[in-house]
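Just so it is clear, the model here is predicted, and its values are computed rather than measured. As the structure lists them, so they are numbered: ligands from 1, and atoms in each ligand from 1.
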Amino acid sequence: MHSERPRVRLHDRTFELAVPHGEIIGKIEALAARINADYGDGSRGIPLFVGVLNGAFMFFAELLQRISFPCEVSFVRLSSYHGTTSTGSVTEVFGLRENIEARHVIVVEDIVETGESIRALTDSLAAMNPATLEVATLLFKPASYRNYFPIRYPAMEISDGFIVGFGLDYDGLGRNLCDIYRLAKEV
Ligand SMILES: O=P(O)(O)OC[C@H]1O[C@H](OP(=O)(O)OP(=O)(O)O)[C@H](O)[C@@H]1O
Ligand SMILES: Nc1nc2[nH]cnc2c(=O)[nH]1
């Protein structure tokens, strides 16, 4: 029997609805309330939210509209490539212009899966001596996570399986979808 879930076709693959827009927004509202409770008393100065491009753009905009204390925003981009040594893939961080020393920094990601990206980013930012460094992510796959850095602010935990929509892409497509879709099993 065929699933009743709405489907989208991107390139050669079919994805089926996993998290509708209203549920995503509800999770973002709940996360914003947690962050407002933790940072809203002003004791941490003016925190800096650092969005990770490209995927975080939609989550970043929705989250920041719900932050109720004075804050600043910035963006970084991660670039992965395979090094010439046997150490495997290397991730570099580009684009941060702010001096984050002694500041309270919250990284904003769309998804944390293995944690390789967040490891590179948090290692790089921690070396700049922020006062505190936390990670907020729209989606967290705990079963795949292999990093030591704690993810304090996940909006949603999900099981494994490839996800698109709400900023996340499949080979460049799907970022503009307002719901989240999961790769459908081929029949
Ligand atoms: O925890 P990990 O296994 O490292 O996976 C998570 C990373 O994968 C995605 O980035 P991607 O390289 O697809 O770039 P994008 O944000 O431009 O889509 C996502 O934005 C995270 O940065
Ligand atoms: N689009 C997309 N990017 C990812 N990066 C790590 N996991 C995922 C995923 O499930 N979907």
To which protein heavy atom is [atom] closest, and what is the distance rounded to 0.1 Å?
atom                    : value
atom 2 (P) of ligand 1  : T114 OG1, 3.4 Å
atom 4 (O) of ligand 1  : S117 OG, 2.6 Å
atom 20 (O) of ligand 1 : D110 OD1, 2.5 Å
atom 6 (C) of ligand 1  : I111 O, 3.3 Å

Note to self: Checking contacts now, so for atom 12 (O) of ligand 1, which I'm interested in, is there any protein heavy atom under 4.0 Å?
What the structure shows: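 For atom 12 (O) of ligand 1 the answer is no, since every protein heavy atom stays at 4.0 Å or beyond.
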Notebook entry, point to check: Under 4.0 Å from atom 17 (O) of ligand 1, is there any protein heavy atom?
Noted result: yes
Next item on the list: Answer yes or no: is there an ion pair linking K141 with D160, defined by an N-O contact shorter than 4.0 Å?
Entry: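 Judged by the 4.0 Å cut-off on N to carboxylate O distance, K141 and D160 do not form a salt bridge.
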Checklist line | Note: E98-R103 ion pair, threshold 4.0 Å (strictly below) | finding: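 No, this pair does not count.
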Check: Tell me, which residues have any heavy atom less than 4.0 Å from some atom of ligand 2?
Finding: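 Heavy-atom contacts below 4.0 Å: I111, E113, K141, G161, F162, I163, L168, D169.
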Any side-chain heavy atom of [X] within less than 4.5 Å of one from [Y]?
X    : Y    : value
L63  : Y153 : no
I67  : N36  : yes
L96  : M128 : yes
V107 : L133 : yes
I25  : R66  : yes

Notebook entry, point to check: So which bit of R175 gets within less than 4.0 Å of ligand 1, heavy atoms only: side chain, backbone, both or neither?
Noted result: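 The answer is the side chain of R175.
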Notebook entry, point to check: Taking N or O atoms only and a 3.5 Å limit, does G55 qualify as a polar contact for ligand 1?
Noted result: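 Looking only at distances, the answer is yes, because the N/O contact criterion of under 3.5 Å is met.
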Check: Has ligand 1 got any nitrogen or oxygen that is less than 3.5 angstrom from a nitrogen or oxygen of I118?
Finding: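 Not met; the criterion fails.
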Notebook entry, point to check: Considering the options R5, K185, R7, R182, which one meets the side-chain hydrogen bond (donor to acceptor under 3.5 Å, both in side chains) requirement together with E16?
Noted result: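 That would be R7.
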Checklist line | Gap between atom CD of E62 and atom CD1 of I24 - 0.5 Å precision | finding: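 It is 9.5 Å, given to the nearest 0.5 Å.
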Next item on the list: Find the distance between CG (L183) and CZ (R13) and round it off to the nearest 0.5 Å.
Entry: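 Interatomic distance, L183 CG to R13 CZ, rounded to 0.5 Å: 5.5 Å.
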Check: What are the atoms of ligand 1, with element, lying closer than 4.0 Å to any heavy atom of D169?
Finding: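 The atoms of ligand 1 under 4.0 Å from a heavy atom of D169 are 18 (O).
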Note to self: Using a 4.0 Å cut-off to any heavy atom of G115, which atoms of ligand 1 qualify?
What the structure shows: 1 (O), 2 (P), 3 (O)
Item checked: M156 and I180: CA distance, side-chain angles, deciding distance, side-chain contact (heavy atoms from CB on, under 4.5 Å) verdict -> CA-CA 12 Å; M156 273 180 274; I180 290 172; 4.3 Å; yes
Check: So between K141, E116, R146, E109, whose heavy atom ends up nearest atom 22 (O) of ligand 1?
Finding: E109
Next item on the list: Answer yes or no: does atom CZ of R119 have more than 12 heavy-atom neighbours from other residues, nucleotides or ligands under 6.0 Å?
Entry: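 Yes.
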